[in-house]
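One structure is given below, represented as structure tokens, and several questions about it will come after.
Numbers here are sequence positions counted from 1.
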Amino acid sequence: MTKIQIPEDSIKKILEIAYLTVFSGLLIYSFLNTTMFQIQWSENFLPYMRILLLTCILLRMCYSERYSIWEMIICAGLFVVFAVVFKRNGFDEVLNTALLIMGARGISFKKIVKIYFVISLILLLITIAAALTGHIENLVYMQEGRNIRIAFGCNYPTDFSAHILYIVLAYAYLRKEKISYFELLVIGGLGVFVYIFCQARLNSICLEIIMFAFGGYKIWHKKCTKKKRIPFGWKISTILSAVPVLCAGGMIICSMLFSSNNKFLVLLDRVLSYRLRLGKKGIDLYGLSYLGQWIPMQGNGGTVKEQVNYFFLDSSYLYVLLQYGILVLMIILGAMLIINYRAYLNRDFVLILTLCIVAIQCMVEHHLMDLAYNPFLWALLADLTVRKVQGKSSI
């Protein structure tokens with residue numbers, strides 16, 4: 001009896017498609033949960049998706065992808081620590097993050113970002129249309145001392161503005177130095193739109209940073225190409241790579257030291273929309289732990305009614321530190337450093353810029369490990385190969 005042998009390349013392609021399909025399903029689920037669509041998901045949806053994802057990872061390890069020793073160590077560490085944290089506090093995004101990072105090994109990161117961009121953009125447009133036509137509730141917030149804030153079908157105005165920010169980041173990353181000046185002006189216009197209609201100050205600032213940072217990189221890249229130099233040398237790359245650690249450390253230390261008697265920290269707290277005050281409260285109430293804990297939080301999302309017992313850790317760094325634990329935060333920050341190092345080796349300098357903006361945005365919002373917003377953590381093991389530029393360092 002003749003045995004049917006499937007070529008190794010075909011197996012690799014099938015398993016890659018399987019991973020990207022599960023990734024797409026989890027992205028749709030996560031995104032819709034940030035909107036006012038009332039969808040009754042099966043309680044078995046996430047467990048089944050995780051089983052499919054884990055099966056896909058194991059098959060890829062056995063049949064298509066040969067993991068190096070350090071990659072195996074990363075995968076084992078991620079899975080063990082994140083699985084323990086998931087068992088302690090029950091947050092799905094912890095285990096989902098670990099499995100998605102593990103499964104992205106060897107898959108083109110550009111392909112992952114493309115899928116994220118297309119799905120997120122389509123879902124955001126559907127959400128806006130549904131809100132404006134009355135098919136779902138369009139929350140409008142009237143807050144003292146602020147202009148009207150519109151959520152456009154999302155749970156909260158900052159959620160809507162964050163979707164715009166990360167979709168724009170994905171688009172800018174894909175376009176890299178080819179992004180046109182007109183596209184950059186549109187991004188700047190979106191920043192103004194977000195500020196006027198959502199009063200999301202940091203997201204608005206980050207959109208303007210994208211316009212100027214990517215515009216500057218475009219000009220600099222063109223000059224360096226003519227001189228046959230690479231845009232960033234190891235010095236500037238090291239400084240930019242340290243931004244996530246500096247942002248995390250700054251928020252955590254300032255929160256720990258916050259006191260109503262410290263005029264500087266009180267002023268900084270106001271600028272950061274009282275993130276330091278809330279972070280200090282969280283630390284005092286729940287303390288720090290290595291593997292996290294369940295922390296009951298009550299935010300303003302999903303309703304225009306004022307929340308009497310409001311308490312929410314908006315800063316990603318405090319959110320991860322207190323709920324997921326010291327180990328998870330160290331792993332995530334370590335992952336971002338490794339991503340930046342790999343990006344430098346592959347001359348993907350735009351990814352380094354992108355992670356800088358993500359790090360700044362995560363100082364006041366909790367989207368660092370949220371699949372609905374941030375797809376850039378999957379770059380830890382994904383394929384970052386790009387066309388390498390020969391030449392000396394420019395900086």
Side-chain angles (χ1 to χ4, degrees), residues 8-24 26-27 49-86 93-116 173 234 237-238 241-242 244-245 291 320 324-325 327-352 354-355 358 368-369 371 374-388:
E8 185 175 322
D9 288 344
S10 297
I11 295 175
K12 183 176 180 179
K13 191 68 177 177
I14 292 170
L15 293 175
E16 179 179 309
I17 292 172
Y19 169 83
L20 293 174
T21 300
V22 177
F23 170 79
S24 300
L26 288 171
L27 174 57
M49 293 295 277
R50 280 195 287 266
I51 290 172
L52 288 173
L53 191 53
L54 186 57
T55 302
C56 180
I57 292 169
L58 293 174
L59 289 174
R60 293 188 76 231
M61 283 183 172
C62 294
Y63 293 104
S64 66
E65 293 296 329
R66 294 175 176 84
Y67 288 60
S68 64
I69 294 176
W70 75 269
E71 287 172 331
M72 292 295 291
I73 293 172
I74 287 176
C75 288
L78 273 175
F79 185 76
V80 171
V81 174
F82 282 44
V84 171
V85 172
F86 170 71
E93 69 180 21
V94 179
L95 197 53
N96 293 346
T97 297
L99 292 174
L100 285 168
I101 289 175
M102 291 165 59
R105 163 57 170 94
I107 297 176
S108 169
F109 182 59
K110 185 176 180 180
K111 190 179 295 184
I112 293 172
V113 177
K114 276 185 179 179
I115 291 174
Y116 166 84
Y173 172 76
W234 68 269
S237 295
T238 300
S241 297
V245 175
L291 296 172
V320 174
Y324 304 154
L327 288 180
V328 171
L329 180 61
M330 290 178 63
I331 289 172
I332 293 298
L333 292 176
M336 295 177 79
L337 289 174
I338 293 173
I339 291 169
N340 281 325
Y341 177 68
R342 294 187 66 222
Y344 175 75
L345 293 180
N346 285 279
R347 302 297 188 255
D348 193 352
F349 303 111
V350 172
L351 180 55
I352 298 176
T354 300
L355 280 184
V358 169
L368 181 61
M369 291 176 61
L371 173 60
N374 181 18
F376 297 103
L377 292 179
W378 320 145
L380 179 62
L381 296 176
D383 181 11
L384 300 180
T385 304
V386 295
R387 180 177 60 84
K388 292 189 177 182

At what distance, to the nearest 0.5 angstrom, does CD1 of Ile339 lie from CD1 of Ile101? 7.0 Å
Taking the side chain as everything from C-beta on, heavy atoms only, tell me whether Leu26 gets closer than 4.5 Å to Leu53. yes
side-chain contact (heavy atoms from CB on, under 4.5 Å) between Cys75 and Ile57: does it pass, once the steps are laid out? CA-CA 10 Å; Cys75 288; Ile57 292 169; over 6 Å; no
Step through the shown structure and confirm whether more than 12 heavy atoms of other residues, nucleotides or ligands are within 6.0 Å of CE on Met330. no
All ring pair (Phe, Tyr, Trp, His ring centres under 6.0 Å) counterparts of Phe349, not counting sequence neighbours: Phe232
Check: Arg60 side chain, Gly103 main-chain N or O, donor-acceptor pair, under 3.5 Å: yes
Please answer whether the main-chain N or O of Thr385 pairs with a side-chain N or O of Asp383 as donor and acceptor at a distance below 3.5 Å. yes
Within residues 69-83 or reaching into it, pairs that qualify as salt bridge (charged side-chain N to carboxylate O under 4.0 Å, His left out) - sequence neighbours excluded: Glu71-Arg105
Looking at OH of Tyr341 and CD1 of Ile338, how far apart are the two atoms once the value is rounded to the nearest 0.5 Å? 10.5 Å
Non-hydrogen atoms of Ala379 and Leu351 that approach each other most closely: CB-CD2, 4.1 Å
Over all heavy atoms of both residues, which pair between Leu368 and Asn374 is shortest? Give the atoms and the distance, please. O-ND2, 2.8 Å
Below 4.5 Å, heavy atoms only, C-beta onward: do Pro375 and Leu27 meet side chain to side chain? no
If every non-hydrogen atom of Val328 is compared with every non-hydrogen atom of Met369, which pair is closest and at what distance? CG1-SD, 4.1 Å
Kindly state whether the ring of Tyr116 and the ring of Tyr173 have centres lying under 6.0 angstrom apart. no
Minimal non-hydrogen separation, Leu333 against Pro244, with atom names: CD2-O, 3.9 Å
Under the rule for side-chain contact (heavy atoms from CB on, under 4.5 Å), what residues qualify as partners of Ile331, not counting sequence neighbours? Leu78, Val81, Phe82
Does Arg347 make a cation-pi contact with Tyr344 (under 6.0 Å, within 45 degrees of the axis)? yes
Please enumerate all residues that pass side chain to side chain donor-acceptor pair (under 3.5 Å) together with Tyr324, with sequence neighbours excluded. Glu93
Who pairs with Ala104 by side-chain contact (heavy atoms from CB on, under 4.5 Å), at least two apart in sequence or on another chain? Tyr19, Ile112, Trp378, Ala382
Leu371 and Asn96: side-chain contact (heavy atoms from CB on, under 4.5 Å), yes or no, with the steps? CA-CA 9 Å; Leu371 173 60; Asn96 293 346; over 6 Å; no
Looking at CG of Leu377 and CG of Leu355, how far apart are the two atoms once the value is rounded to the nearest 0.5 Å? 7.5 Å
For Arg50, check salt bridge (charged side-chain N to carboxylate O under 4.0 Å, His left out) against everything at least two apart and list the hits. Asp92
From Cys56 SG over to Leu20 CG, what is the distance, rounded to the nearest 0.5 angstrom? 8.5 Å
Rounded to the nearest 0.5 Å, the CD atom of Glu16 sits from the OG1 atom of Thr21 at a distance of 10.0 Å
Closest non-hydrogen atom pair between Ser241 and Leu337, with its separation: O-CD2, 3.4 Å
Can you find a heavy atom in the side chain of Asn340 that is under 4.5 Å from one in the side chain of Ser237? no
Rounded to the nearest 0.5 Å, how far apart are CG of Leu380 and CD1 of Ile332? 8.5 Å
